[in-house]
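Below: the structure, in structure tokens.
The chain is numbered in sequence order, starting from 1. Not measured: the values here are computed from a predicted model.
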Amino acid sequence: MSLYKAGLWLYLANITAQIGGYIFWFIAAASVRAAALGEVAYTATIAAILTTLATLGVPTAMMRHMPASGDQRYAQGAMAYTLAAAAATATTALWKPPVALLATTGVLANYYTAYFQAKLDTKPIFNATLIGQVARIALAPPLAPTAQTPSPPHTPRPASSWLYTALRKAEHIPSHLDSAS
């Protein structure tokens with residue numbers, strides 16, 4: 001793939017991510033309580049920081065050195081490090097399972113993106129971005145609590161928040177202590 005086509009696919013992936021992010025946050029803001037939206041923003045921010053710290057710049061180093069040398073050992077070493085970093089970030093599930101999920105997939109996605117950029121084969125990056133954004137937008141309603149006023153602890157929750165409730169229970173937080181319930 002030429003440098004121009006590779007750049008075009010990266011540009012389209014970036015635009016897709018930006019539009020998908022806007023739609024996701026628009027849906028989230030319209031469908032959840034402010035406290036729940038704050039929890040989502042907090043979780044996403046902590047996961048992004050953890051992902052950045054866990055990668056230690058290894059994907060960037062692979063993007064720079066692998067094309068220059070043609071040596072696949074850069075990709076192999078980066079993959080070994082990425083798997084170890086992904087396993088380490090997965091341990092945050094003991095603290096907060098949603099952060100573990102986001103950070104672990106973030107570490108793996110950074111390697112995936114860097115590998116295909118280093119090979120100038122960026123169409124898979126666009127495809128993965130498109131699929132990821134569609135999935136994120138589609139999962140926003142079932143993952144979020146509904147935008148209703150807080151209900152008494154024993155009132156059944158609407159069916160649209162079943163996945164959110166399951167994730168909160170996985171964190172072992174009693175519902176009476178959960179400010180988003």
Side-chain angles (χ1 to χ4, degrees), residues 1-28 38-140 142-144 163-164 166-167 170-171:
M1 179 177 296
S2 74
L3 183 60
Y4 297 110
K5 280 188 179 179
L8 177 64
W9 284 117
L10 283 178
Y11 176 75
L12 291 173
N14 190 2
I15 293 296
T16 301
Q18 298 301 320
I19 291 170
Y22 173 78
I23 293 169
F24 171 81
W25 285 108
F26 183 82
I27 291 170
E39 178 71 19
V40 170
Y42 165 78
T43 300
T45 302
I46 293 297
I49 291 169
L50 187 58
T51 298
T52 300
L53 293 173
T55 59
L56 290 176
V58 170
T60 303
M62 181 183 66
M63 281 190 306
R64 290 187 180 154
H65 295 293
M66 192 175 92
S69 69
D71 191 351
Q72 287 294 315
R73 289 181 296 172
Y74 285 108
Q76 294 165 352
M79 175 54 103
Y81 174 78
T82 298
L83 292 175
T89 57
T91 63
T92 61
L94 299 171
W95 168 59
K96 194 165 182 74
V99 169
L101 176 66
L102 293 173
T104 302
T105 56
V107 168
L108 295 171
N110 275 331
Y111 171 81
Y112 174 84
T113 300
Y115 178 78
F116 283 106
Q117 279 183 332
K119 295 178 69 84
L120 291 179
D121 183 15
T122 54
K123 188 174 181 181
I125 297 170
F126 169 77
N127 292 336
T129 301
L130 181 62
I131 291 167
Q133 293 304 316
V134 168
R136 179 167 81 155
I137 292 166
L139 288 173
L143 281 172
L163 191 51
Y164 174 80
L167 287 172
E171 291 180 331

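Although no hydrogens or angles enter the test, the distance criterion places no donor-acceptor pair under 3.5 Å between the side chain of T113 and the main chain of N110. A donor-acceptor pair is defined here as one N or O able to donate and one able to accept, closer than 3.5 Å; no such pair exists between the side chain of T92 and the backbone of W95. In terms of modelled atom types and a separation under 3.5 Å, the side chain of Y74 and the main chain of M63 share no donor-acceptor contact.
No side-chain heavy atom of I125 sits less than 4.5 Å from a side-chain heavy atom of W9.
Taking CH2 from W25 and CZ from R136, the interatomic distance works out to 8.0 Å, rounded to the nearest 0.5 Å. The CD1 atom of I19 sits 10.0 Å away from atom CG of N14, with the distance rounded to the nearest 0.5 Å. Separation of atoms OG1 (T89) and CG (L101) is listed at 10.0 Å; rounding is to 0.5 Å. One finds the CZ atom of R64 at 11.0 Å from the CD atom of Q117 (value rounded to the nearest 0.5 Å). Between the CD atom of Q133 and the CD1 atom of I131 there is a distance of 11.5 Å, given to the nearest 0.5 Å. Here the straight-line distance linking atom NZ of K5 with atom OG1 of T122 works out to 10.5 Å at 0.5 Å rounding.
Side-chain contact annotation: R73 with Q76, donor-acceptor N/O pair under 3.5 Å absent.
The two residues M66 and D71 make their nearest non-hydrogen contact at CG-O, 3.5 Å. Heavy-atom minimum distance, I137 versus F24: CG1-N, 4.2 Å. Pairing each heavy atom of T51 with each of L102, the nearest pair is OG1-O, 4.2 Å. Closest of all the heavy-atom pairs between M62 and A118 is O-CB, 4.2 Å. Smallest separation of non-hydrogen atoms from A86 and L108: CB-CD2, 4.0 Å. Nearest heavy-atom pair across Y111 and A75 is OH-O, 3.2 Å.
A perpendicular orientation is assigned to the rings of F116 and Y112, their planes being inclined by more than 60° (bins at 30° and 60°).
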